[in-house]
Amino acid sequence: MLFGTVQASADPSTILVFPFENVTNDRTLDWIGEGISQLIIERLQPEHGIWTFSREERLGAFEKLGIPETTMVSRATALKLGWDMGADHVVTGRFAGTADNFQIVARVVDMDAGAATEVTIEGKLQDVIPLSMSAAWRILKKAVPDTVSPEADYTARPPVPRSAFENYIRGILTQDFQKRSELLQTAVRLHPQYGPALFELGRISHLQRDFKDSNQWLQKIPETSYLRRQASFLMGLNYFYLADYAPATTVFQTLPAVYDVLLNLGAAFSQNGDRDSAADAWRRAIDTDSLASDAFFNLGYLSLIKDDLESAARNLTESLKLRGRDSEALFLLGRTYEKLGRLEESGKAIAQASRLSQRIDRWLTQPLPKLERLATSTLFRSRDEIWTEQRLIRRARSQDLPAWLELIQTDIDLYLLGDALRELHGLLRVYPESSEALSLLGEVRRQQNLR
């Protein structure tokens, strides 16, 4: 039996789009499969009433399953990823034909109904961008039948020149940072307002720790771009790493007050000397997600610096209840216990920390390092926004109870107790009387009480 009340359909419909398969005989066109997918994603992301998963989110799901990012997944794997990610619609597809007789076929799966329909668009290969836009609008109509967005908004004019588009797609597909940067810069030269290319250039510079250059690219993204919020988040991180904390604080304050933003806002306040505001930001982060450990960790670290030892011990303990094998939290807790005169507990905590990380031994004879934690993913989405009752029930239909329990047991074995609790809360919304789930919940609570 599946239990739980299905949530009303007022929630945005979620769409997961995969690269399209090249069924022509020309392998030089392989890049178009990713291109069609990316054009559809980029065009649908600003739409009201839907939530389109980004390429980054899809690749993150690939990584969890050990799937190389260039793999063309089977329909079965696409459906599994759709169930695991909470997608209401999964889009796969193919392209075929010749330069003068080109065809895009999108297969749209309604995950609730378990039914698939196909969207076919035909034209010339040189018109792959407007053809992809037509496909995107048809997919939107399948996912949100009452959409008021007219087809003309999609097909009136190409969103980007073909030459810039090709350089951008070839750029994001290459693993060589230098080659990627060259291709993306070519795309921007051909289309200076190309937001996705500018964002990727900013991300490359960020990963290479050239934070000033990263911000120069990101600042060029138009204010109206759907990427502006992610770009601002990355700019805030860049300012933080440049020790320019005032603008970092300003940037994070302009963003939605979700967990990742509040975590970084607190770190910026702390480094700028405003410890009261830092603590307030981290408490607000905990209010938004009490199963994530980093805000508790940061509060514990800040309290230790302020010699508020009881608060430090309490928050570090809460952090360890959610992430047990955390060498830094154990080290700080050991230092806290040492100052409180609880020497035996201090020795045990520091010894355990040393077994987990060789860095701890160096810290024993050094001043306390800077350890505030940041969120670095530019997605900063809330899990609760995705996992409605309806999607949990659908996930349960696709994944039997033993498989779900095994996933939770793995989290417990890795001492990722916050993640285990997250999964258990979702599972128990669907199977509230599962004795196995209740037993695992008891095991998590037992381990937490050992702290």
Given T410 and E406, is the side-chain hydrogen bond (donor to acceptor under 3.5 Å, both in side chains) satisfied, shown in steps?
-> CA-CA 6 Å; T410 299; E406 184 178 353; 5.5 Å; no
Backbone of R180 reached by a side-chain donor or acceptor of T174 within 3.5 Å = no
Assess the side chains of Q38 and Y168: does a donor N or O sit below 3.5 Å from an acceptor N or O?
-> yes
Is there a donor-acceptor pair closer than 3.5 Å between any side-chain N or O of T288 and the backbone N or O of A285?
-> yes
Got more than 12 heavy atoms from elsewhere within 6.0 Å of CG, N25?
-> no
Distance col, row L417:CG vs L322:CG, nearest 0.5 angstrom, shows 7.5 Å
Taking atom types as modelled and ignoring hydrogens, do the side chains of E436 and S439 form a donor-acceptor contact shorter than 3.5 angstrom?
-> no
Spacing of L427 atom CG and R422 atom CZ [to the nearest 0.5 Å] | 15.5 Å
Spacing of M133 atom CE and D127 atom CG [to the nearest 0.5 Å] = 12.5 Å
Could you give me the CA-CA distance, side-chain angles and deciding distance for F165 and W31, then say whether ring-ring contact (aromatic ring centres under 6.0 Å, His included) is met?
-> CA-CA 11 Å; F165 165 67; W31 66 274; 5.7 Å; yes
Could you tell me if the ring centre of F211 sits under 6.0 Å from that of Y241?
-> yes
Start with the C-alpha distance between R323 and D294, add both sets of side-chain angles, then the distance that settles side chain to side chain contact (heavy atoms under 4.5 Å, CB included), and finish with yes or no.
-> CA-CA 9 Å; R323 183 181 172 196; D294 286 343; 4.3 Å; yes
Without swapping roles, check the side chain of T254 against the backbone of V251 for a donor-acceptor pair under 3.5 Å.
-> yes
Donor-acceptor pair, D289 side chain versus L291 backbone, under 3.5 Å?
-> yes
Between OG1 of T376 and CG of L207, what distance do you get to the nearest 0.5 Å?
-> 9.5 Å
Any side-chain donor paired with an acceptor under 3.5 Å for T249 and Q253?
-> no
Checking R395, R391, K142 against D88 for salt bridge (charged side-chain N to carboxylate O under 4.0 Å, His left out), the one that qualifies is R391
State whether Y154 and R43 meet the cation-pi test: NZ (Lys) or CZ (Arg) under 6.0 Å from the six-membered ring centroid, and within 45° of the perpendicular axis.
-> yes
Would you call the rings of F62 and F18 parallel, tilted or perpendicular if under 30° counts as parallel and over 60° as perpendicular?
-> parallel
Derivation of the side chain to side chain contact (heavy atoms under 4.5 Å, CB included) call for L16 and V91 = CA-CA 6 Å; L16 176 61; V91 179; over 6 Å; no
Is it the case that R373 places NZ or CZ above or below the six-membered ring of F297, under 6.0 angstrom from the centre and within 45 degrees of the axis?
-> yes
Modelled atom types, side-chain donor and acceptor of S13 and H89, under 3.5 Å | yes
Indicate yes or no for a side-chain donor-acceptor contact from S270 to the backbone of G266 under 3.5 Å, with no hydrogens or angles considered.
-> no
Can you name the closest pair of heavy atoms from I386 and G86 and give their distance?
-> CG2-CA, 4.0 Å
Under 3.5 Å, is there a donor-acceptor pair linking the side chains of T120 and Q103?
-> no
CZ (R284) and CG (L265) are apart, to the nearest 0.5 Å, by 7.0 Å
What heavy-atom pair brings K370 and Y301 nearest, and what distance separates the two atoms?
-> CA-OH, 3.2 Å
Any donor-acceptor N or O pair under 3.5 Å, side chains T24, N22 = yes
Using the side chain to side chain contact (heavy atoms under 4.5 Å, CB included) rule, take L29 and F95 through it: C-alpha gap first, then chi angles, then the decisive distance, then the call.
-> CA-CA 10 Å; L29 299 180; F95 63 94; 4.1 Å; yes
D210 and S205: side-chain donor and acceptor closer than 3.5 Å?
-> no
Side chain to side chain contact (heavy atoms under 4.5 Å, CB included) partner of I15, chosen from V90, V108, I50 = I50
Run the salt bridge (charged side-chain N to carboxylate O under 4.0 Å, His left out) check on E34 and R58 step by step: do they pass?
-> CA-CA 12 Å; E34 185 77 49; R58 188 189 74 227; 3.0 Å; yes
Given N167 and E182, is the side chain to side chain contact (heavy atoms under 4.5 Å, CB included) satisfied, shown in steps?
-> CA-CA 9 Å; N167 277 279; E182 291 171 1; over 6 Å; no
Calculate, to the nearest 0.5 Å, the distance between atoms CG and CZ belonging to L392 and R394 respectively.
-> 9.5 Å
Aromatic ring pairing F233/F252, orientation class (parallel under 30°, perpendicular over 60°, tilted between) = perpendicular
Side-chain donor-acceptor pair under 3.5 Å between Q448 and E318, yes or no?
-> no
